[in-house]
Amino acid sequence: QVQLVESGGGLVQAGGSLRLSCAASGRTFSNYRMGWFRQAPGKEREFVATMHWNGGSTYYADSVKGRFTISRDSAKATMYLQMNSLKPEDTAVYYCAARAGSWYAIRSNEYDYWGQGTQVTVSS
């Protein structure tokens with residue numbers, strides 16, 4: 001069974017940085033698409049970034065492009081989201097997600113597996 005566990009959230013001042021981690025287990029992820037989503041209070045879950053586990057095919061939401069970087073360490077079976085130049089509007093619970101297959105996917109209902117989420121709070 002696929003298990004995704006996020007970590008690395010916290011409180012940071014605007015302009016600061018955080019790196020989120022998503023430890024993946026239960027499968028060989030070589031042909032999986034991985035994603036990061038976020039959900040702020042009172043808002044729908046929104047796409048942040050996605051990549052294929054083999055390292056290619058990365059895409060970002062316009063709101064984070066140039067500030068966030070998605071990556072993975074295959075040896076550690078861990079995906080990362082490096083977040084720089086954080087803004088108060090980045091405040092949300094961040095979730096990692098996975099789905100079998102390589103095709104492009106940015107809607108939350110296209111993903112089958114989810115972590116429990118990690119809170120990111122950016123103060124102004």
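Note that the structure is predicted; figures quoted are calculated from it, not measured. In this chain, numbering begins with 1 at the start of the sequence shown.
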Compile the donor-acceptor pairs under 3.5 Å between side chains in residues 79-87 and protein atoms, sequence neighbours left out, one pair per line.
unit_1	atom_1	unit_2	atom_2	d
Gln82	NE2	Asn84	OD1	2.9
Asn84	OD1	Ser17	OG	2.9

Are the side chains of Ser102 and Asn31 in contact, using a 4.5 Å heavy-atom criterion? yes
Main-chain N/O of Ala23 paired with Thr78 side-chain donor or acceptor, under 3.5 Å: no
Taking side chain as C-beta onward, heavy atoms only, is Trp36 less than 4.5 Å from Phe68? no
Polar contact flag, side-chain donor to acceptor under 3.5 angstrom, Tyr111-Arg99: no
Shared hydrophobic cluster for Val48 and Ile106 (ILVMFWY, side-chain gaps under 4.5 Å): no
If two hydrophobic side chains count as joined below 4.5 Å and joins carry through other members, does Trp53 share a cluster with Trp114? no
Should Met34 and Val64 be regarded as members of a common hydrophobic cluster, given that ILVMFWY residues are connected when their side-chain heavy atoms come within less than 4.5 Å of each other, either directly or indirectly? yes
Taking the inter-plane angle between the rings of Phe37 and Phe47 on a 0 to 90° scale, is it parallel (under 30°), tilted (30 to 60°) or perpendicular (over 60°)? perpendicular
Scanning both residues in full, the closest heavy-atom pair of Leu20 with Gly9 reads CD2-N, 3.6 Å
Cluster link Tyr104 to Tyr60, ILVMFWY, side chain under 4.5 Å: no
Taking the side chain as everything from C-beta on, heavy atoms only, tell me whether Arg72 gets closer than 4.5 Å to Met51. yes
From Gln13 atom CD to Ser123 atom OG, the distance as rounded to the nearest 0.5 Å: 5.0 Å
Just by modelled atom types, is the Val5 backbone N or O under 3.5 Å from a matching donor or acceptor in the Gln116 side chain? no
Rounded to the nearest 0.5 Å, what separates atom CZ in Arg45 from atom OH in Tyr94? 13.0 Å
Close side-chain approach of Gln39 to Tyr95, heavy-atom, < 4.5 Å: yes
Check whether any side-chain heavy atom of Val120 sits under 4.5 Å from a side-chain heavy atom of Arg38, and report yes or no. no
So, for Ser57 and Arg33, which heavy atoms are closest and what is the spacing to 0.1 Å? OG-NH2, 2.5 Å
Do you know the tightest heavy-atom contact between Cys96 and Leu4? SG-CB, 3.6 Å
Determine the minimum heavy-atom distance between Ala40 and Thr91, stating which atoms define it. CB-O, 3.7 Å
Quick one: NE2 on His52 to CZ on Phe29, what's the gap to the nearest 0.5 Å? 12.0 Å
